[in-house]
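Heads up: the structure comes next, in structure tokens.
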Amino acid sequence: MSKKLAAGNWKMNGLAASLAEIDALAGAVKGAGCEVLICPPAILIAQMAAKAKGSNVFVGGQDCHPKVSGAHTGDVAAAMLADAGASHVILGHSERRADHGESDADIRAKAEAAGAAGLVRIICVGETEGERDAGQTLAVIGTQLDGSVPDAATAADTVIAYEPVWAIGTGRTPTLEQIAEVHDFLRDRLTRRFGADARGMRLLYGGSVKPSNAAEIFAVSNVDGALVGGASLKAADFAGIVSALSAA
Ligand code: 13P
């Protein structure tokens, strides 16, 4: 298994002035026992990557286009993210699935493009509250996983993030048993498809992770890190999560 991964998703937050957080974060996570990643808005990647150079903070994108280049106004290709200094990209976040109607097939195509550009792809899955209430959680996640993850995925180039939609930005988190149930299911399903290599594929939990609940979440079976929204915007909060993961 690669090192555990603490990934921050800044979403549509941050201006050039916010890059000061990276200086603070790089200082705070020196010697961390896990990988540390921040995914800012695309416009900040190059500047952030320049600042993070020489530190153990990786920089990533939040989306990419499936094509290499061409007439796709407003879009960013995977190779452009890599060229700007990104090493990872988040794909299929529930906000993109909802706001941009991204299907599992779209996400798989983006994941293939990301892999071709040498980026580690973090592919997100997760149920809505209605789906959980209807007892469909594992069925929904299984379909998303099968449809979104490329056939050539390996533990080295693919990370899966479980983000229950109802836990994102709400302060609500699933019980530790609910997280364990989904993460065990993901590990089993990936191992059936990809074999022993999938035992090393990192599975992140995301949704209202903060310094105060990180340690108990990281103690859950098959949780190999976190994908963090709000609490990744402030270096001090994110460093608290990194230190909980390093200690797990
Ligand atoms: P919050 O940590 O703000 O709940 O966001 C989670 C998320 O969507 C990360 O991708």
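Sequence positions, counted from 1, serve as the residue numbers for this chain. Just so you know, ligand 1 is whichever comes first in the structure, and atom 1 is the first atom listed for that ligand.
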> With a 4.5 Å heavy-atom cut-off, do Leu227 and Glu163 have their side chains touching?
Replying inline: yes
>> Regarding ligand 1, does Gly169 bring an N or O atom to under 3.5 Å of one of the ligand's N or O atoms?
In response: yes
>> Considering both backbone and side-chain atoms of Ala231, is one of its nitrogen or oxygen atoms within less than 3.5 Å of a nitrogen or oxygen in ligand 1?
In response: no
> Does Ser18 use its side chain to pair, donor to acceptor, with the backbone of Leu15 at less than 3.5 Å?
Replying inline: yes
> Any side-chain heavy-atom pair from Arg97 and Ser148 closer than 4.5 angstrom?
Replying inline: yes
> How does Ala167 reach ligand 1, if at all, at less than 4.0 Å between non-hydrogen atoms: by side chain, backbone, both, or neither?
Replying inline: backbone
> If you measure every N/O of Ser208 against every N/O of ligand 1, is any gap under 3.5 Å?
Replying inline: yes
> What is the ring orientation for His183 with Tyr205, classed by angle as parallel under 30°, tilted 30 to 60°, or perpendicular over 60°?
Replying inline: tilted
> Which residues satisfy the side chain to side chain donor-acceptor pair (under 3.5 Å) test with Asn213, sequence neighbours excluded?
Replying inline: none
>> Within the structure provided, determine whether Gln144 and Tyr162 are in side-chain contact (heavy-atom separation under 4.5 Å).
In response: no
> At what distance is the nearest protein heavy atom to atom 5 (O) of ligand 1, and which residue and atom is it?
Replying inline: Lys11 NZ, 3.3 Å
> For ligand 1, which atoms, with element, lie under 4.0 Å from some heavy atom of Glu163?
Replying inline: 6 (C), 7 (C), 8 (O), 9 (C), 10 (O)
>> Once you restrict to heavy atoms under 4.0 Å, what part of Asn9 touches ligand 1? Side chain, backbone, both or neither.
In response: side chain
> Do His93 and ligand 1 have an N or O pair less than 3.5 Å apart?
Replying inline: yes
> Among Cys124, Gly229, Ala161, Gly207, whose heavy atom sits nearest atom 2 (O) of ligand 1?
Replying inline: Gly229
